[in-house]
Amino acid sequence: MSKTSIQKLNVHKWIDENEKDFLPPVCNKLMHNDQLTIMFVGGPNVRKDYHLEEGEELFYQLKGDMCLKVVEQNQQRDVIIKEGEIFLLPANIPHSPNRFENTVGFVMERRRDDKELDCLRYYQDQSTNRLFERWFHTTDLGIQLKPVIKEFFSSDEYRTGKPKADSYLQDPPVKNNEKIKLDNPFSLNDWLDQHKEELIHGHPISLFPDRFQTRVWAFPKGEHMINCSTGDVWLWQHKGNSTAKIITCDKEESLVNLELSDSIYLNVCWT
């Protein structure tokens, strides 16, 4: 999409049109790949690899449940994200998304900085002892993961279950965050109901604490200015309808009517 074009996409319609991409062996499709990566992921898939990155990931389950396996405070844990629940994964937490048949989930990440590295890692059995890992700068995760996974499944480490001297870096460039205790996923609709009185007063409310880089806001009835001066924004009409007045960097001005499940990607410097 051009930096100056305004494109409205209905999420549910877009998912229906791309239904085949949410089935094996692909299971996912990008809606946007810019400063923000907006993707939707289906299933089933069973993964044993863990992904480590320096940014956060936002999960929301539209259809069915999923299991996000994580390493939390140096312990294996299964985070179950149920249909309608939202979950913000902090940076530097090894995680392995496992999805079930007839499910669809939303995932948002940010584009990596030039010097940032991602890691694909395998652990020994159910422990947190490393078996095999590879580091790389991410430009297209869907493409870059496949050769690493293929390398692992043809490796001695896979056959023996034991690491070798060069299986992983003794001093990795990015360390696990072993201190943070993860919050639990929560129902988005229940959260909106719990904050109904606050939203009636017309003020946007943040879903997650300010200590996170990711900002997720609920905008109630009323007129609101959305500031894109520090980064891109993705608008998604979760309930009801609204009208968005958008001014692009080229001073193109448009009024866009948003119905239920409509979305718009706003580039940095738009208003």
Side-chain angles (χ1 to χ4, degrees), residues 18 20-31 33-34 36-59 66-72 74-79 81 89-101 103 105 107-178:
N18 296 281
K20 66 181 187 302
D21 291 310
F22 304 114
L23 301 173
V26 180
C27 289
N28 71 82
K29 187 173 179 66
L30 283 170
M31 177 181 275
N33 188 17
D34 208 309
L36 297 176
T37 298
I38 307 292
M39 73 179 76
F40 292 84
V41 190
N45 75 328
V46 178
R47 294 177 56 175
K48 295 187 178 297
D49 58 278
Y50 283 73
H51 178 213
L52 179 65
E53 63 180 296
E54 298 182 67
E56 300 157 357
E57 288 193 32
L58 181 68
F59 295 82
M66 69 163 290
C67 175
L68 183 66
K69 294 181 176 293
V70 299
V71 176
E72 177 189 40
N74 207 34
Q75 297 290 324
Q76 296 274 2
R77 175 190 169 187
D78 288 354
V79 177
I81 308 175
L89 180 74
N92 302 330
I93 298 291
H95 56 282
S96 179
N98 284 254
R99 298 182 179 273
F100 311 121
E101 190 174 3
T103 64
V107 181
M108 184 180 76
E109 305 177 3
R110 63 160 175 79
R111 184 168 54 201
R112 311 300 193 262
D113 293 338
D114 291 342
K115 295 183 179 180
E116 285 186 328
L117 294 174
D118 283 34
C119 176
L120 194 70
R121 175 179 295 163
Y122 291 86
Y123 290 101
Q124 299 179 47
D125 298 322
Q126 300 300 314
S127 74
T128 57
N129 298 319
R130 289 180 290 166
L131 174 63
F132 178 97
E133 68 183 26
R134 293 293 182 263
W135 294 87
F136 50 91
H137 174 68
T138 295
T139 54
D140 188 328
L141 200 59
I143 294 174
Q144 291 173 280
L145 289 183
K146 292 176 183 177
V148 180
I149 293 172
K150 184 177 179 180
E151 180 186 359
F152 171 72
F153 281 107
S154 62
S155 69
D156 292 336
E157 292 91 335
Y158 171 69
R159 287 190 292 271
T160 66
K162 297 179 180 179
K164 300 191 300 184
D166 62 349
S167 297
Y168 54 82
L169 299 176
Q170 295 299 324
D171 186 21
V174 178
K175 304 292 194 300
N176 294 4
N177 185 339
E178 297 182 351

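Rounding to the nearest 0.5 angstrom, the gap separating the CG atom in Asp118 from the OG1 atom in Thr139 is 10.0 Å. The structure places CG of Asp21 at 13.0 Å from CE of Met39, a figure rounded to the nearest 0.5 Å. The structure places CD1 of Ile143 at 11.5 Å from OG1 of Thr138, a figure rounded to the nearest 0.5 Å. Rounding to the nearest 0.5 Å places SG of Cys67 at 10.5 Å from CZ of Arg99. Between Arg110 atom CZ and Leu58 atom CG the span is 14.0 Å, to the nearest 0.5 Å.
Under the 4.5 Å side-chain criterion, counting only non-hydrogen atoms from C-beta, Phe22 is in contact with Asn18. In this structure, the side chains of Arg134 and Glu151 come closer than 4.5 Å at one or more pairs of heavy atoms. Side-chain contact between Leu30 and Phe40 is absent, with no heavy-atom pair separated by less than 4.5 Å. Put simply, the side chain of Leu120 does not reach to within 4.5 Å of the side chain of Glu133, judged on heavy atoms. Considering only heavy atoms from C-beta on, Lys29 stays 4.5 Å or farther from Lys20 through its side chain. Side-chain contact between Lys164 and Asp156 is present, with heavy atoms from C-beta onward closer than 4.5 Å.
Summarising the geometry of Gln144 relative to Phe136, their closest heavy-atom pair is NE2-CD1, 4.0 Å, with the distance given to 0.1 Å. Considering all non-hydrogen atoms of both residues, Glu101 and Pro44 come closest at N-CB, 3.7 Å. The two residues Thr103 and Phe100 have their closest heavy-atom pair at OG1-O, 2.6 Å. Between Leu89 and Phe59 the shortest heavy-atom distance is CB-CE1, 4.1 Å. The two residues Ile93 and Leu52 have their closest heavy-atom pair at N-CD1, 3.6 Å. Annotation for Glu54 and Leu117: closest pair OE2-N, 3.2 Å, computed over non-hydrogen atoms.
The backbone N or O of Gln124 lies less than 3.5 Å from no partner atom in the side chain of Asn129, so there is not a single donor-acceptor pair. Remark: the backbone N or O of His51 is paired with a side-chain donor or acceptor of His95 at under 3.5 angstrom. Under the 3.5 Å distance criterion, the side-chain polar atoms of Arg130 are matched with a main-chain donor or acceptor of Leu169. Asn98 places a side-chain N or O within donor-acceptor distance of the main-chain N or O of Ser96, the cut-off being under 3.5 Å.
Aromatic ring centres of Tyr158 and Phe132 lie farther apart than the 6.0 Å criterion allows.
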Fill in: side chain to side chain donor-acceptor pair (under 3.5 Å) evaluation trace for Arg121 with Asn176
CA-CA 12 Å; Arg121 175 179 295 163; Asn176 294 4; 3.1 Å; yes

Worksheet entry | Test log, rule side chain to side chain donor-acceptor pair (under 3.5 Å), inputs Glu109 and Thr37 | CA-CA 5 Å; Glu109 305 177 3; Thr37 298; 5.3 Å; no

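The 12-atom threshold is not exceeded at NZ of Lys162, counting heavy atoms of other residues, nucleotides or ligands nearer than 6.0 Å. Applying the 6.0 Å contact sphere to CG of Asp140 captures more than 12 heavy atoms from other residues, nucleotides or ligands.
At a cut-off of 3.5 Å, with distance as the only test, a side-chain donor of Gln76 or Tyr50 sits close to an acceptor on the other residue.
In summary, Arg112 and Glu53 engage in a salt bridge, as defined by a charged side-chain N under 4.0 Å from a carboxylate O. Note on Lys115 versus Asp113: no salt bridge recorded, every NZ/NE/NH1/NH2 to OD/OE distance being 4.0 Å or above.
A perpendicular orientation is assigned to the rings of Tyr122 and Phe153, their planes being inclined by more than 60° (bins at 30° and 60°).
Test Thr128, Asn74, Asn92 against Glu178 for side-chain contact (heavy atoms from CB on, under 4.5 Å) and you get one pass: Asn74.
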